[in-house]
Amino acid sequence: MRSIRGGSGFGDSIYLQSVARHFVQRGERLEVCSNFPDIFRPLGDKVTLSPFRKTRVDILAHYSERRRITATDQFQDCCVAAGIREPVDQHIDWTLLNEALADECRRPGKPVIVVQMPRAPFGRADGFGMEFLPDCRVIQMAIDAIGARATFVQVGKGDALFRFRGIDLDLTNRTTVADVLDVSSIADGFLGYCSFIVPLAESFKQEALLVWSRRGLQSRTEIIRTMTPQKILHRPSCRYVIDDCSEAELHGAVNAFLDAVGGGRAVQG
């Protein structure tokens, strides 16, 4: 049995789940090294779960060595690094566990939109990469534009760097990993910035509207500068704007997003 790992983060393990799933579907049993075992629940007894470790791993499914390569996106880089050359379906087969939580999120006739709580980029406490966090006022403008046409459910962990208005259900620092996956499984769309919300939306094959940081795209730090929408986003259902976009550009993106999630049109512009 071979061992496999990705990066150490929540989003990294969401990517890893699809890669491991591909190996399992080819008939291989794996030891999966991750600190987020609930993500791999759909794979059942076809995988053995171990805590994340960097050494003594046979397969590395991580994008870090391919940041400069523009011909592939981040999920594809995980697959290439793992030695997979054929297409891989980025997908999670999740079965809802917490029906009561799902019912708490739903409102009759309204799409459920999961919002990512703004937190320190990369989970760093030293301020590294702060320019990667977009101007969250633009995300707030999107929330304001959508308004009562949707139900906003906020998820995340840690200290909020910006507090959004108009959130219907704030689950920050109140959920398990399984709870986040439950909420995501019944969501109609995702709203936020480049974080674990990207592989989450893509793995559930749902719509997403992301706000990118202009400062991040112009960063002197190569790791941050190369994290472009073209490099990060795998599915066309993930659309984006830059945080210095015009009001008309934001409204256009919001309207396209609302049309896709079934919330109608919110604004003109």
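Atoms CG and CD, on D188 and Q206 in that order, are 6.0 Å from each other to the nearest 0.5 Å. Rounding to the nearest 0.5 Å places CD1 of I223 at 9.0 Å from OG of S64. For the atom pair CD1 (I113) and SG (C105), the distance works out to 12.5 Å, reported to the nearest 0.5 Å. Note: L191 CG to F152 CZ = 6.5 Å, rounded to the nearest 0.5 Å. For the atom pair OG1 (T226) and CD1 (I69), the distance works out to 11.0 Å, reported to the nearest 0.5 Å. Atom CG of residue N173 and atom CG of residue L171 lie 10.5 Å apart, to the nearest 0.5 angstrom.
Between S34 and P37, the shortest heavy-atom contact is O-CD, 4.3 Å. Closest non-hydrogen pair, F162 versus P118, comes out as O-CD, 3.6 Å. Of all the heavy atoms in M117 and G158, the pair that sits closest is CE-O, 3.8 Å. A260 and R239 get closest at one heavy-atom pair: CB-NH1, 4.1 Å. Closest approach of P42 to I39, counting heavy atoms only: CD-O, 3.3 Å. The two residues A81 and H62 make their nearest non-hydrogen contact at CB-O, 3.2 Å.
No side-chain heavy atom of T172 sits less than 4.5 Å from a side-chain heavy atom of K157. V24 has its side chain out of reach of R29: every pair of non-hydrogen atoms, C-beta onward, lies at least 4.5 Å apart. Considering only heavy atoms from C-beta on, S213 stays 4.5 Å or farther from L217 through its side chain. Proximity of Y240 to V211: side-chain heavy atoms (C-beta onward) are nowhere separated by under 4.5 Å. Using a 4.5 Å cut-off on side-chain heavy atoms (C-beta onward), L200 and V180 make contact. With a 4.5 Å cut-off on side-chain heavy atoms, R215 and F132 do not count as touching. Taking the side chain as every heavy atom from C-beta outward, R106 and D103 approach each other to under 4.5 Å. For the pair E131 and Q218, the minimum side-chain heavy-atom distance is 4.5 Å or more.
Annotation: R53, atom CZ; neighbour count of heavy atoms from other residues, nucleotides and ligands within 6.0 Å is above 12. Crowding of Q25 atom CD: a count of heavy atoms from other residues, nucleotides or ligands under 6.0 Å exceeding 12. Surrounding NZ of K46 are at most 12 heavy atoms belonging to other residues, nucleotides or ligands under 6.0 Å away. Within a 6.0 Å sphere centred on CZ of R137, other residues, nucleotides and ligands contribute 12 heavy atoms or fewer.
Every side-chain contact (heavy atoms from CB on, under 4.5 Å) that S8 has, sequence neighbours left out, goes to F52.
The hydrophobic clustering, which links ILVMFWY residues whose side-chain heavy atoms are closer than 4.5 Å, places L49 and L30 together. Hydrophobic clustering keeps V80 apart from I59 (ILVMFWY residues linked when any side-chain heavy atoms are closer than 4.5 Å, directly or through intermediates). Using a 4.5 Å cut-off between side-chain heavy atoms of Ile, Leu, Val, Met, Phe, Trp and Tyr, with links allowed through other members, I167 and L209 fall into the same hydrophobic cluster. Grouping the Ile, Leu, Val, Met, Phe, Trp and Tyr side chains by contacts below 4.5 angstrom, directly or via other members, places I186 with I197. Hydrophobic cluster membership is shared by V32 and V177, with clusters built from Ile, Leu, Val, Met, Phe, Trp and Tyr side chains linked at under 4.5 angstrom.
A salt bridge links K205 to D89: one of the charged nitrogens lies within less than 4.0 Å of a carboxylate oxygen. Ion pairing between D93 and R21 holds under the 4.0 Å rule for side-chain N and carboxylate O. In summary, R68 and E222 engage in a salt bridge, as defined by a charged side-chain N under 4.0 Å from a carboxylate O. Salt bridge annotation for E31-R5: absent, with no cationic side-chain nitrogen under 4.0 angstrom from a carboxylate oxygen. Contact check on R214 versus D243 returns no salt bridge, with no Lys/Arg side-chain nitrogen under 4.0 Å from an Asp/Glu carboxylate oxygen. A salt bridge links R66 with D77: the closest approach of a Lys/Arg side-chain nitrogen to an acidic carboxylate oxygen falls below 4.0 angstrom. Comment: D144 engages R165 in a salt bridge, judged by a side-chain N to carboxylate O separation of less than 4.0 angstrom.
For the ring pair (Phe, Tyr, Trp, His ring centres under 6.0 Å) condition, the pairs that include at least one residue of residues 172-213, sequence neighbours left out, are F10-F196.
Donor-acceptor pairing under 3.5 Å is recorded for the side chains of D12 and Y63. For T176 and D179, the side-chain atoms include at least one donor-acceptor pair closer than 3.5 Å. For the 3.5 Å distance criterion, the side chains of T151 and D168 fail to qualify, holding no donor opposite an acceptor. Q17 and H91 share no donor-acceptor pair across their side chains, judged by distance under 3.5 Å alone.
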Check step by step if side chain to side chain contact (heavy atoms under 4.5 Å, CB included) holds for W94 and L97.
-> CA-CA 9 Å; W94 186 256; L97 300 173; 3.7 Å; yes
Should I146 and L258 be marked as a side chain to side chain contact (heavy atoms under 4.5 Å, CB included) after you check the CA-CA gap, both sets of side-chain angles, and the distance that decides it?
-> CA-CA 8 Å; I146 295 170; L258 266 179; 3.8 Å; yes
Please assess L233 against V198 for the test side chain to side chain contact (heavy atoms under 4.5 Å, CB included), listing each intermediate value before the final yes or no.
-> CA-CA 7 Å; L233 303 181; V198 173; 3.7 Å; yes
Determine, step by step, whether D73 and I232 satisfy the side chain to side chain contact (heavy atoms under 4.5 Å, CB included) criterion, reporting the C-alpha distance in whole Å, the side-chain angles of both residues, the deciding distance to 0.1 Å, and the verdict.
-> CA-CA 6 Å; D73 60 50; I232 301 298; over 6 Å; no
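Judged by distance alone, with hydrogens and angles left aside, the side-chain atoms of E249 form a donor-acceptor pair with the main-chain N or O of S246 at under 3.5 Å. A donor-acceptor contact shorter than 3.5 Å links the side chain of R107 to the backbone of E104. Although no hydrogens or angles enter the test, the distance criterion places a donor-acceptor pair under 3.5 Å between the side chain of K110 and the main chain of A148. Remark: the backbone N or O of L16 is not paired with any side-chain donor or acceptor of S13 at under 3.5 angstrom. Proximity of a side-chain donor or acceptor of S185 to a complementary backbone N or O of D182 within less than 3.5 Å is detected.
For the pairing with E202, the side-chain hydrogen bond (donor to acceptor under 3.5 Å, both in side chains) check across Q90, R235, H234, Q74 returns one residue only, Q90.
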